[in-house]
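Every chain is numbered from 1 and lettered A, B, ... according to where its sequence line falls, protein lines coming before strand lines.
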There are 2 protein chains.
Amino acid sequence: MNLKDLASQLGLSPTTVSRALNGFPEVNEDTRRRVAEAARNANYRPNARAKGLATGRANAIGHVIPISSRHEIVNPIFGDFIAGAGEVYSRLGYDMILSIVDDEDQDRAYREIRSKGNVDGVIVHGPAENDPRIPLLAELGLPFVVHGRATGTTLPYSWVDVNSARAFRRATDFLMDLGHRRIALVNGLEFMDFAIRRRRGYVEALAERGLTADPELMVQGEMTETQGHNAARAMLRLPDPPTAFVTSSLLSAMGVRRAVEEAGLVMGRDVSIVTHDDDLGYLKNGDGEPIFTATRSSVREAGRKAAAMLIDLISDPAPTPRNELLDAVLVVGNSTGPAPQSKAPIGKG
Amino acid sequence: MNLKDLASQLGLSPTTVSRALNGFPEVNEDTRRRVAEAARNANYRPNARAKGLATGRANAIGHVIPISSRHEIVNPIFGDFIAGAGEVYSRLGYDMILSIVDDEDQDRAYREIRSKGNVDGVIVHGPAENDPRIPLLAELGLPFVVHGRATGTTLPYSWVDVNSARAFRRATDFLMDLGHRRIALVNGLEFMDFAIRRRRGYVEALAERGLTADPELMVQGEMTETQGHNAARAMLRLPDPPTAFVTSSLLSAMGVRRAVEEAGLVMGRDVSIVTHDDDLGYLKNGDGEPIFTATRSSVREAGRKAAAMLIDLISDPAPTPRNELLDAVLVVGNSTGPAPQSKAPIGKG
DNA sequence: GCGCAAATTCAAAGCGCTTTGGATGCTGCT
DNA sequence: AGCAGCATCCAAAGCGCTTTGAATTTGCGC
């Protein structure tokens, strides 16, 4: 069932039917009703490709997921981001096109997307420092919104990001207020922009109180349970072990907790943990009362915001870069408590 | 830069250029080379919409992700499945179109997809018992492959699935071989097909040794850390607590472990755990030696298989249903050991 | 009853590609 | 020389929609 069929079935021209369905003013209200009803009955849906060809708009947004051996980006947060964005897309009649692209092929992939013309814009995931995709997309003239920011980029561009530095500064401050001085950082890979900012927030908070970050207490890596476990186990064996941890993900925090318990210590009493929590659908920080004290910011919400921003950008004839900085809230759970009195570890002065 | 431009730039007709690029035989090899080179230099890429319109094929596969209040399917395994499928798509020149659709709208969504004509086929995710999508898609004549199966469906259809029943039978057998008799099941939601099969495998294994499944030792729910924790905590307080757990996901298993440790018990000695492990990129069951004894089957691999199967199905003019049953392997980690001698719990019985 | 503007409707072109059904030239054979 | 057969190439139609420009109808003031 196509436009022509529908039109001839109604005894109208395709022109009129098209206009009736697309809400143009120059069509009689009676006719419009008739058309709408016939379309509904016939279960008519305009062919997306033809529509796209005719209008020049694809009504679709692209997401390019880099995948590589360097870092496994089949990221737990990706699903939630997509879900948030998807809500907006389906509400506004957009399709979402996903491309899984090898890291080295990114340049080619974006150019191809551009010339294939099946999307009106793209969302950039997981920006790194000086991310080359930003100048590339600007050059290609393809509208885009970055989920995160890219330190070092001078070009203006649109983004939605969490105030990572601020979140980690608050987390660190919170621990210092509780008397902690040896605070470890279990971070994501530090070529990723968010990880850079988180470390900065952590380092600055320490510095403000005259402390310097101890390299032995900072690790970076894939944010997995194992990472947290390995890092914490090693650190807790140091001569002067940390009394608190700041971690970049709930999974890492869970790993830290396991190491804490294996060491015969009690979380929230002997060792405190503050984690960042992306508030994922399937990885909740407890239902109701939080398990971990955390800086929380919903990735799904970020997905919604980014999608809405991009569509806004696309429909604006002379778009100027937009951006939105989301603040994480600090929720207090059972993983934090006052620093243990420094009955200094045995054997230490 | 479009076909016409490229053609006139080469002094050829669009027809010839099209044929040259698409590998038709009736074009001179010299011409073909010239065309190919010019296309490369101009960074020419055929417009996907126009091509689709002309050929009637979309060169895209749809994935409809149901999202609902009933169950949060922003599923941790989804990302990995997509990654696997995406590899195949990009290799074969297909796009992946994701639709996030409200549960109640599924019927409408599939019909819409059908008539919008922007995909050549779809992958069905998370089939439930008697899943209505299967007859619907068959009726619509839209090629599809199911990730999983749908108990109760009589129509033949194509699927890729893990032998869940067998995996859980083996897991249960393994524990019984170690002497366990009180074995709990922490399962996914039992309107999902995989959960039904897992329970069946578990129940059958018990029955084969003359045991009947104790309803008190079976729970179903979202497979989260909290679920595992809550379930295990409750069960470990029973007068006759389980000595072993079979869980449906690594996250649940992590929750069970936490409850075990909170109860002052040792995993692998006092309480054994076998879990199913989807071998996700960011949620590894240890690196190298497994943490948990597990039935392991890569969801990413399943994604690859399903994608390849669907494309195969699409290109076959008279497709007959295909299917592929993957077997999970049992990997032995540190979470299992002989059942403790029944020096019944202190203060009990 | 006439002219003009507003309200409706339509025919046809065009989006960028593929594909059908010829053209055109050339070779080799009779 | 004449023709079949092959290798190449091309013009034009068509995919299903939107949109431009024009035609037709209607309403209204005089």
Side-chain angles (χ1 to χ4, degrees), chain A residues 1-36 38-39 42-60 93-95 112-120 315, chain B residues 1-36 38-39 42-60 93-95 112-120 315:
Chain A
M1 168 62 65
N2 58 20
L3 229 209
K4 204 158 62 165
D5 295 348
L6 188 64
S8 73
Q9 177 187 309
L10 280 160
L12 289 169
S13 74
T15 308
T16 304
V17 176
S18 169
R19 306 201 123 147
L21 293 174
N22 289 314
F24 280 66
E26 63 265 67
V27 32
N28 187 299
E29 271 312 314
D30 276 353
T31 320
R32 188 192 304 284
R33 256 192 296 280
R34 266 180 62 219
V35 171
N43 219 310
Y44 169 75
R45 212 80 51 170
N47 179 298
R49 289 190 302 265
K51 188 165 188 160
L53 233 206
T55 58
R57 279 171 300 105
N59 269 296
Y94 277 74
D95 280 336
E112 190 164 320
I113 281 176
R114 172 63 177 155
S115 35
K116 267 174 52 175
N118 51 358
V119 304
D120 298 321
S315 48
Chain B
M1 169 62 64
N2 57 23
L3 228 208
K4 204 159 60 168
D5 295 346
L6 188 64
S8 74
Q9 177 187 309
L10 279 161
L12 289 169
S13 75
T15 309
T16 304
V17 176
S18 169
R19 305 203 127 146
L21 292 174
N22 289 315
F24 281 66
E26 62 267 70
V27 34
N28 188 299
E29 270 313 313
D30 276 353
T31 319
R32 189 193 303 283
R33 258 191 295 279
R34 267 180 60 220
V35 171
N43 218 311
Y44 168 75
R45 213 77 54 170
N47 180 298
R49 289 189 303 266
K51 188 165 188 160
L53 233 206
T55 58
R57 278 171 301 105
N59 269 296
Y94 277 76
D95 279 337
E112 191 164 318
I113 281 175
R114 173 62 177 156
S115 35
K116 267 175 48 176
N118 50 357
V119 303
D120 298 322
S315 49

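Of the side-chain N and O atoms in Lys4(B), none sit less than 4.0 angstrom from OP1 or OP2 of dC17(C). Taking only side-chain nitrogens and oxygens, Tyr44(A) comes nearer than 4.0 Å to OP1 or OP2 of dC17(D). Contact annotation: Asn28(A) side-chain N/O to dA7(C) OP1/OP2 distance is not under 4.0 Å. Dashed line: the shortest gap from a side-chain N or O of Asn22(A) to OP1 or OP2 of dT18(D) is under 4.0 Å. Between dT8(C) and Thr31(A), no contact under 4.0 Å exists linking OP1 or OP2 to a side-chain N or O. Side-chain nitrogen and oxygen atoms of Ser18(A) include at least one within less than 4.0 Å of the OP1 or OP2 phosphate oxygen of dT18(D). Distances shorter than 4.0 Å separate some side-chain N or O of Thr16(A) from OP1 or OP2 on dC10(C).
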Val35(A)/Leu10(A) under side chain to side chain contact (heavy atoms under 4.5 Å, CB included): CA gap, chis, key distance, verdict: CA-CA 7 Å; Val35(A) 171; Leu10(A) 280 160; 3.9 Å; yes
Before you tell me yes or no, could you show the steps for Arg114(B) and Asn43(A) under side chain to side chain contact (heavy atoms under 4.5 Å, CB included), namely the whole-Å CA-CA distance, both residues' side-chain angles and the distance that decides it to 0.1 Å? CA-CA 11 Å; Arg114(B) 173 62 177 156; Asn43(A) 219 310; over 6 Å; no
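Here the P atom of nucleotide dC17(C) and the NZ atom of Lys116(A) are 13 Å apart, to the nearest Å. When rounded to the nearest whole Å, the span between CZ of Arg19(A) and C1' of dT9(C) equals 9 Å. One can place NZ of Lys51(B) at 21 Å from C1' of dC17(D), the figure rounded to the nearest angstrom. Atom CG in Leu12(B) sits roughly 15 Å away from atom C1' in dA7(D) (whole-Å rounding). The CG atom of Asn47(A) sits 18 Å away from the P atom of dC15(C) (whole-angstrom rounding). Going from atom CZ of Arg32(A) over to atom C1' of dA7(C) covers 13 Å, rounded to whole Å. Look at CG on Leu21(B): it is 16 Å from P on dG16(C), rounded to the nearest Å. Distance CG (Leu6(A)) to P (dC17(D)): 9 Å, rounded to an integer number of Å.
Counting only distance, with no hydrogens or angles, the side chain of Asn22(B) and the backbone of Phe24(B) share no donor-acceptor pair below 3.5 Å.
Put simply, the side chain of Thr15(A) and the base of dT19(D) share a donor and an acceptor less than 3.5 Å apart.
Each of Pro46(A) and Glu26(B) was assigned the nucleotide of DNA chain D with the nearest heavy atom; the assignment lying further toward the 5' end belongs to Glu26(B). When each of Arg57(A) and Pro25(B) is assigned the nucleotide of DNA chain D bearing its nearest heavy atom, the one mapping closer to the 5' terminus is Pro25(B).
Atom CD of Glu112(A) sits about 9.0 Å away from atom CG of Asn118(A), to the nearest 0.5 Å. Note: Ser18(A) OG to Leu12(A) CG = 12.0 Å, rounded to the nearest 0.5 Å.
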